Amino acid sequence: MTTPDKQHLLDMRYLRMARIWAENSYCQRRQVGALVVKDKMIISDGYNGTPSGFENVCEDDDNVTKPYVLHAEANAITKLARSSNNSEGSTLYVTASPCMECAKLIIQAGIRRVVYGEEYRLADGIQLLQRANIEVKYINLQHHESE
């Protein structure tokens, strides 16, 4: 059993790793990373970007995100579908709070905890996760790193 202090340290580490993973994104406006962790093992990862086989350009000429760009959470969850792992009871670490569409995927994937590091302008995804009894935790990494 993991103590609350040890769990918080693990949460911070995995969230920092998700932030580093976000650097793989080709998106200019915002880079988001996600990790799915189960039994202290990373079982999937993702970052925001275009679908496989598409050009690695997320924004159009007006700097608007293209409608087919996948969110980091969606990439991590769909990657699980192509693996032998399953996300039942896992934790999702994501650098930005999930939107409504990703929250629905998180619920359906059986993920039980979501730890995120940045507030999104809309809170409807977080509210949906809470309604589904998924534990949601916000960690402001900048605040912790300045301590």
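Since the model is a prediction, treat every value here as computed from it, not as a measurement. For reference, positions follow the sequence shown, starting with 1.
The shortest distance between side-chain heavy atoms of Asp11 and Tyr93 falls below 4.5 Å. With a 4.5 Å cut-off on side-chain heavy atoms, Ser90 and Val37 do not count as touching. Side-chain contact check for His71 versus Leu105: every heavy-atom pair is 4.5 Å or farther apart.
Interatomic distance, Leu70 CG to Glu101 CD, rounded to the nearest 0.5 Å: 12.0 Å. Here Asn63 contributes atom CG and Cys58 contributes atom SG; the two are 10.5 Å apart, rounded to the nearest 0.5 Å. Here Gln7 contributes atom CD and Lys137 contributes atom NZ; the two are 6.5 Å apart, rounded to the nearest 0.5 Å. Here CE of Met17 is found 9.5 Å from CG of Asp45. Values are rounded to the nearest 0.5 Å. Here the CE atom belonging to Met12 is positioned 6.5 Å from the CG atom belonging to Leu9, to the nearest 0.5 angstrom. Once rounded to the nearest 0.5 Å, the distance linking CD1 of Ile134 with CD1 of Ile111 reads 7.5 Å.
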Leu128 and Lys104: CA distance, side-chain angles, deciding distance, side chain to side chain contact (heavy atoms under 4.5 Å, CB included) verdict: CA-CA 8 Å; Leu128 186 66; Lys104 291 189 271 185; 3.8 Å; yes
Side chain to side chain contact (heavy atoms under 4.5 Å, CB included) between Asn48 and Asn75, intermediate numbers included: CA-CA 7 Å; Asn48 56 326; Asn75 266 327; 5.8 Å; no
Stepwise side chain to side chain contact (heavy atoms under 4.5 Å, CB included) test for Leu80 and Asn86: CA-CA 6 Å; Leu80 278 165; Asn86 87 61; over 6 Å; no
Stepwise side chain to side chain contact (heavy atoms under 4.5 Å, CB included) check, Lys66 with Val57: CA-CA 9 Å; Lys66 294 177 180 176; Val57 179; 3.9 Å; yes
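Shortest non-hydrogen contact noted between Tyr68 and Pro51 is O-CD, 3.5 Å. Minimum heavy-atom separation, Tyr14 to Leu35: O-CD1, 3.6 Å. Residues Tyr120 and Arg30 approach most closely at CD1-NH1, 3.6 Å, considering heavy atoms. The two residues Asn85 and Ser83 have their closest heavy-atom pair at N-OG, 3.1 Å. What you find for Leu129 and Ala103 is that their closest heavy atoms are CD2-O, 3.7 Å.
Between the side chain of Lys38 and the backbone N or O of Glu88, at least one donor-acceptor pair lies under 3.5 Å. Ser44 places no side-chain N or O within 3.5 Å of a backbone atom of Ile77 that could act as its donor or acceptor partner. Side chain of Thr95 to backbone of Arg19: no donor-acceptor contact under 3.5 angstrom is found. Checking side-chain atoms of Arg112 against main-chain N and O of Asn133 turns up a donor-acceptor pair under 3.5 Å. Asp39 places no side-chain N or O within 3.5 Å of a backbone atom of Met41 that could act as its donor or acceptor partner. In this structure, the side chain of Thr50 engages the main chain of Glu55 through a donor-acceptor pair within 3.5 Å. The backbone N or O of Lys6 lies less than 3.5 Å from a partner atom in the side chain of Thr3, making a donor-acceptor pair. The closest donor-acceptor contact from the side chain of Glu59 to the backbone of Arg29 lies under 3.5 Å.
A single hydrophobic cluster is seen to contain both Met100 and Val136, as judged by linkage of ILVMFWY side chains at heavy-atom distances under 4.5 Å, directly or through other members.
More than 12 heavy-atom neighbours from other residues, nucleotides or ligands sit within 6.0 angstrom of CD on Glu119.
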